[in-house]
There are 2 protein chains.
Amino acid sequence: MRGARASGDDERVKAALYIERASASTVTRLSGYYRILGEFEAENLETIASERLAERAGVSSAQVRKDLSRFGNFGRRGLGYNVAQLRQRIAGILGLTQHWNVALIGAGNLGHALFSYKEFPKQGFHIEHVLDADPAKIGTAWNGVTIVHVGELPRLARDGKVDIVIVAVPVHSAQTVVDLAVSSGIRAILNFAPGKLATPDGVTIRHVDLSIAMESLSYALVK
Amino acid sequence: MRGARASGDDERVKAALYIERASASTVTRLSGYYRILGEFEAENLETIASERLAERAGVSSAQVRKDLSRFGNFGRRGLGYNVAQLRQRIAGILGLTQHWNVALIGAGNLGHALFSYKEFPKQGFHIEHVLDADPAKIGTAWNGVTIVHVGELPRLARDGKVDIVIVAVPVHSAQTVVDLAVSSGIRAILNFAPGKLATPDGVTIRHVDLSIAMESLSYALVK
DNA sequence: AGATGTGAAAGTTTTCACAGCC
DNA sequence: GGCTGTGAAAACTTTCACATCT
């Protein structure tokens with residue numbers, strides 16, 4: 001616990017100390033603020049109060065202020081937050097100022113939809129590799145990207161060409177693919193196969209489970 | 001607060017009183033248990049202890065018991081839960097014993113992937129209508145389902161042909177489509193467009209936001 | 001003995017409310 | 001006067017631990 005002086009310099013203390021990882025819900029809200037700030041920027045707003053940001057995001061203004069103050073003192077009392085500046089700060093926090101190399105595994109319908117998803121490149125996520133196990137697909141290309149065998153993943157990862165892997169394969173091969181990604185040194189995975197998949201510590205996996213989403217709707221409908 | 005006797009008949013009291021809606025995380029876990037119970041059923045297991053179920057679901061056994069006890073006393077002390085029975089109970093809670101009519105709005109890449117998604121019909125979600133605004137698409141068919149104009153939604157809804165709407169349109173038309181769905185009387189929406197969308201009370205909306213999922217990965221990667 | 005169901009405790013997240021700065 | 005930043009309070013969620021039942 002060394003290094004933290006008793007002085008009131010919170011900014012310095014915050015920068016010097018290890019900041020605990022934000023919770024998943026904080027990060028989710030941050031993503032929301034980021035997008036909304038883009039809208040405000042397009043509307044040529046210079047500054048914005050937490051109240052207005054909160055309104056659009058569908059949360060309380062205290063929540064907005066707490067979320068932001070976790071990462072620094074971005075606002076100015078009496079004024080609010082500078083729209084462009086805050087957006088840039090959040091981009092930095094979320095890692096959206098970088099170029100991320102993404103490998104998509106699974107060249108089926110879902111894979112194709114993800115490959116064509118326009119928002120990804122806008123946020124710095126570039127699907128530069130498409131992999132599959134089906135010999136019929138290997139060698140064909142999507143918009144200039146040639147589909148290669150999933151066995152190539154370790155090589156691509158070793159050459160530093162993959163930051164994030166998207167798993168869009170059928171459920172029965174999902175765990176195998178995830179294991180391959182992990183053993184290749186990948187540390188971030190977006191999984192579309194239903195069910196929890198085992199990953200060691202240090203590997204972040206996010207699940208997009210369409211069945212669960214639908215089930216929560218049917219739960220809402222069934223009286 | 002009438003009707004609840006001081007007797008120990010908890011089952012009766014539970015059935016008589018209004019049970020508050022479960023939280024989103026409870027419902028999510030329930031979906032997970034449901035799938036895992038299907039696996040256990042395939043393995044021909046008769047009964048299962050919360051401990052084993054918890055292990056596969058990646059939660060604590062106390063969590064499993066708390067989640068389940070919320071809806072009734074499904075287990076037998078000393079024995080565990082009957083696999084088939086519990087699965088059936090959860091199906092009832094989540095509304096998976098019914099046939100749900102789903103209308104898909106947006107016949108693009110993503111729409112097509114969702115239309116082809118094999119898990120949906122298995123859970124009782126049947127995409128029986130596909131709608132779009134593009135005149136070039138209207139009249140063409142996907143696997144026997146003819147694409148109709150989005151303006152048909154109120155009529156389909158009025159005829160009781162739509163329980164759930166999936167919104168897979170570009171972000172700029174998402175709010176319009178959601179408004180149309182709401183005014184048509186739809187009460188459950190699965191939205192794939194980025195950003196929060198306004199819905200009145202009584203309408204449940206779930207968001208699948210791919211950008212947010214990716215951003216939470218990049219947050220994990222960026223030191 | 002074995003495993004559920006559940007109050008009580010612990011932990012986490014959100015809201016409140018206001019001191020402090022612009 | 002306006003609005004942030006933040007401790008304290010409230011609400012919610014998860015875990016503990018054990019009485020209770022088979």
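A quick note: this is a predicted structure, and the numbers were derived from the prediction, not measured. Proteins get letters first, then strands, A, B, ... in listed order; numbering begins at 1 in each.
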A.B. asks: Under the side-chain contact (heavy atoms from CB on, under 4.5 Å) test, which residues partner B:V64, sequence neighbours left out?
C.D. replies: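 Expected list: B:Y33, B:S50, B:L53, B:A54, B:V59, B:L68.
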A.B. asks: Considering residues at least two apart in sequence or located in another chain, which fulfil the ring pair (Phe, Tyr, Trp, His ring centres under 6.0 Å) criterion with B:H172?
C.D. replies: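 Testing B:H172 for ring pair (Phe, Tyr, Trp, His ring centres under 6.0 Å), a comparison that skips the adjacent residues, returns none.
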A.B. asks: Base, backbone or nothing for each nucleotide of nucleotides 17-22 of chain C, written B, S, -, heavy atoms under 4.0 angstrom, 5' to 3'?
C.D. replies: B-BBBS
A.B. asks: Is there a residue in residues 27-42 of chain A whose heavy atoms reach under 4.0 Å of DNA chain D, and which residues are they?
C.D. replies: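 Residues of residues 27-42 of chain A that come under 4.0 Å of DNA chain D do not exist, since none gets that close.
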A.B. asks: Among pairs that include at least one residue of residues 177-188 of chain B, which meet side-chain hydrogen bond (donor to acceptor under 3.5 Å, both in side chains), considering only residues two or more places apart or in two chains?
C.D. replies: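 Qualifying pairs: B:Q175-B:D179.
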A.B. asks: How would you list, by chain and number, every residue that makes a side-chain contact (heavy atoms from CB on, under 4.5 Å) with A:T28, sequence neighbours excluded?
C.D. replies: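 Result, side-chain contact (heavy atoms from CB on, under 4.5 Å) vs A:T28: B:I212.
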A.B. asks: Keeping to residues at least two apart or across chains, list the side-chain hydrogen bond (donor to acceptor under 3.5 Å, both in side chains) pairs with something in residues 192-204 of chain B.
C.D. replies: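 Non-adjacent pairs meeting side-chain hydrogen bond (donor to acceptor under 3.5 Å, both in side chains): zero.
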A.B. asks: Sequence neighbours left out, what pairs pass salt bridge (Lys or Arg N to Asp or Glu O under 4.0 Å) with at least one residue falling in residues 28-44 of chain A?
C.D. replies: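 Salt bridge (Lys or Arg N to Asp or Glu O under 4.0 Å) check on residues 28-44 of chain A returns A:R29-A:D67, A:R35-B:D209, A:E39-A:R56, A:E41-A:R87, A:E43-A:R56.
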A.B. asks: Using side-chain contact (heavy atoms from CB on, under 4.5 Å) as the criterion, list what pairs up with A:V102, not counting sequence neighbours.
C.D. replies: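 Listed in chain order: A:F125, A:I127, A:I164, A:I166, B:M214.
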A.B. asks: Between B:D163 and B:N101 (side chain of the first, backbone of the second, donor and acceptor by atom type, cut-off under 3.5 Å), is there such a pair?
C.D. replies: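 Yes, the answer is positive, given that a donor and an acceptor are paired below the 3.5 Å cut-off.
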A.B. asks: Distances for protein N/O vs nucleotides 7-11 of chain D N/O pairs under 3.5 angstrom?
C.D. replies:
{"unit_1": "D:dG7", "atom_1": "O6", "unit_2": "A:K66", "atom_2": "NZ", "d": "3.0"}
{"unit_1": "D:dA8", "atom_1": "N6", "unit_2": "A:K66", "atom_2": "NZ", "d": "3.4"}

A.B. asks: Under the side-chain contact (heavy atoms from CB on, under 4.5 Å) rule, collect the residues that match up with B:Q85, sequence neighbours excluded.
C.D. replies: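 For B:Q85 the side-chain contact (heavy atoms from CB on, under 4.5 Å) partners, ignoring immediate neighbours, are B:N82.
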A.B. asks: Under 3.5 Å, which donor-acceptor pairs do the side chains of residues 112-124 of chain B form with other protein atoms, sequence neighbours left out?
C.D. replies:
{"unit_1": "B:H112", "atom_1": "ND1", "unit_2": "A:N109", "atom_2": "OD1", "d": "3.4"}
{"unit_1": "B:S116", "atom_1": "OG", "unit_2": "A:N109", "atom_2": "ND2", "d": "3.3"}
{"unit_1": "B:S116", "atom_1": "OG", "unit_2": "B:H112", "atom_2": "O", "d": "2.8"}
{"unit_1": "B:E119", "atom_1": "OE2", "unit_2": "B:K122", "atom_2": "NZ", "d": "3.4"}

